[in-house]
Number of protein chains: 2
Amino acid sequence: MPAKIVRAQIPRVHSIVTCQRGEQIYAEGDATDKCFQVSAGAVRVSRVFANGGRQVVSFHLAGEMFGFEAGPQHRFFAEAIAETRMAVFERGPVQQHLPELLALAVDGMERAQEHLVVIGRQSAIERVALFLTDLSNRLGGTRQLTLAMSRQDIADYLALTIETVSRAITELRERSVIALRHARIVYIMNPDALRSLCGDAASPSEPARTG
Amino acid sequence: MPAKIVRAQIPRVHSIVTCQRGEQIYAEGDATDKCFQVSAGAVRVSRVFANGGRQVVSFHLAGEMFGFEAGPQHRFFAEAIAETRMAVFERGPVQQHLPELLALAVDGMERAQEHLVVIGRQSAIERVALFLTDLSNRLGGTRQLTLAMSRQDIADYLALTIETVSRAITELRERSVIALRHARIVYIMNPDALRSLCGDAASPSEPARTG
DNA sequence: CGGTTGATTGATCGAGATCAACGTGCGTGG
DNA sequence: CCACGCACGTTGATCTCGATCAATCAACCG
């Protein structure tokens, strides 16, 4: 699971926008003329299928950038999953900052590759354990996680169903690895146990950040 | 499934090397001081697990580059899956070519994301159909494919077992979508049928290349 | 309060994994 | 040139994890 997150410092912010929970930021096919940096809230990047299924490719939390793509059109949907404030960068000026963009793209590649390995080879409980571990790392190593996303979002990210995610969380709770104050507020009681449940693919903890 | 492949033109080749089938090019943990461009043969990039399992992240065919990563150490293994000739680039001089590197990284990100969606949401036969379609596109749209990789490699790439891959291929053969001259030589009899079996996620055909 | 949305729990089903033979080339040495 | 051996691939039988179908429960809000 990815742990490092690029937080590039790119000047010349075009504007700051606020999105409501559920609001679309861009759609598949939209022009890739901007990219974004979350300042508060959380964003979901996903593909939606004809049959209503969805694969979430990434979540983006405060400080993280998204929306940068190679082609002229977006290949995914981006939506706010909570009330979200973002800085918007015009693509043109941003092109001047090649080193930052490169770091961003490489980071995106690595995160997608790690995600791929998890989806391809880990069991349901390993995916959920890894998800919580990753989220904890991204939130600065905190043991109390406030999940911005619903169970459905988590399921779509981990390529599971909502029921399977729920059962995995229940099992973690029964094993006293985590505790729930609320369905969306997770307390990691035993970080070592959680990490050992991640199977291989476990990123040791890595609080390092770029940017 | 990814279709576009960056074939960057980066001068200053350090050297040309030849690897035998099965030979390791780099290992997880090795320094990321070089990157490579295949001139003939094929390369497999994968992660190996403690339990012997493997997830193939990508295959690289003639013209394609690989081995570029952000951190100081490789996160995957790269091996030749056939006798392979490659150009080797030193990382230092390559850093001068930011636009090419950016294209490379973005392409890698997009390929990994598409792969992720396939692994996460497609059925076994859809994955295999997509794999063959993608390979055909990468080989220039030819209908006769010579597979450089074994069934095990394909299975590890698609996050399936060798048996499931074999059954999917048999089904495609029974439906007269493909024909096999040899286990490694596939003839696509009905490209439209093959594409329609790819489910969503089907890249229309896209013979476009960068570089 | 009841209504609504999101999460959990339970019962059953099924695609693909696993376990186990069986084929088929293909290279090597007699 | 053929027999043997081995690696790779296919096919079959069974099992299992997670999907699906179906209630039930918990928060939140009018």
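The sequence lines fix the lettering, A, B, ..., with proteins before strands; numbering per chain opens at 1. Treat the numbers as computed from the prediction; the structure is a model and nothing was measured.
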Taking atom [atom2] of [N] as reference, at what distance in whole Å does atom [atom1] of [X] sit?
X: A:Ile185; N: C:dG6; atom1: CD1; atom2: P; result: 17 Å
X: A:Leu180; N: C:dG6; atom1: CG; atom2: P; result: 18 Å
X: A:Ile169; N: C:dG6; atom1: CD1; atom2: P; result: 16 Å

query: In terms of the nearest nucleotide of DNA chain D, which residue is placed more toward the 5' end: A:His182 or B:Ser166?
result: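 By nearest-heavy-atom nucleotide position, the 5'-most residue is B:Ser166.
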query: Would you say B:Gln37's side chain and B:Met86's backbone share a donor-acceptor pair under 3.5 angstrom?
result: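 No, B:Gln37 side chain to B:Met86 backbone: no donor-acceptor pair under 3.5 Å.
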Check: A:Leu139 main-chain N/O paired with A:Thr142 side-chain donor or acceptor under 3.5 Å: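 Here the side-chain-to-backbone pair does not exist.
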- prompt: Is A:Arg47 positioned over the aromatic face of A:Phe76, cation under 6.0 angstrom from the ring centre and no more than 45 degrees off axis?
  reply: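 Yes, A:Arg47 and A:Phe76 form such a contact.
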query: Salt bridge check: are B:Arg138 and B:Glu64 linked by an N-O gap of less than 4.0 Å?
result: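 Yes.
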Residues A:Glu110 and B:Arg75 bridged, charged N to O under 4.0 Å: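 The answer is yes: the pair qualifies as a salt bridge.
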- request: May I ask you to check whether A:Thr32 and A:Arg91 show a side-chain donor-acceptor distance below 3.5 Å?
  value: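 Yes, because at least one side-chain N or O of A:Thr32 sits under 3.5 Å from a partner of the opposite role on A:Arg91.
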query: Going by atom types only, do B:Thr133 and B:Ser136 share a side-chain donor-acceptor pair under 3.5 Å?
result: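 Note: B:Thr133 and B:Ser136 side chains miss the donor-acceptor criterion.
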message: Do B:Val43 and B:Thr84 have side chains that approach each other closer than 4.5 Å (heavy atoms only, starting at C-beta)?
response: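 In contact.
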field: Nucleic acid footprint by protein, nucleotides 11-23 of chain C - heavy-atom cut-off 4.0 Å, B for base, S for sugar-phosphate alone
entry: B----SSBBB---
query: A:Ile154 near the nucleic acid: base, sugar-phosphate alone, or nothing, with a heavy-atom cut-off under 4.0 Å?
result: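 The answer is nothing, as A:Ile154 stays clear of every strand by at least 4.0 Å.
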task: Give me the first and last nucleotide of DNA chain D, going 5' to 3', that has any atom under 4.0 Å from a heavy atom of chain A.
output: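 Reading along DNA chain D, I get D:dG18 to D:dC28.
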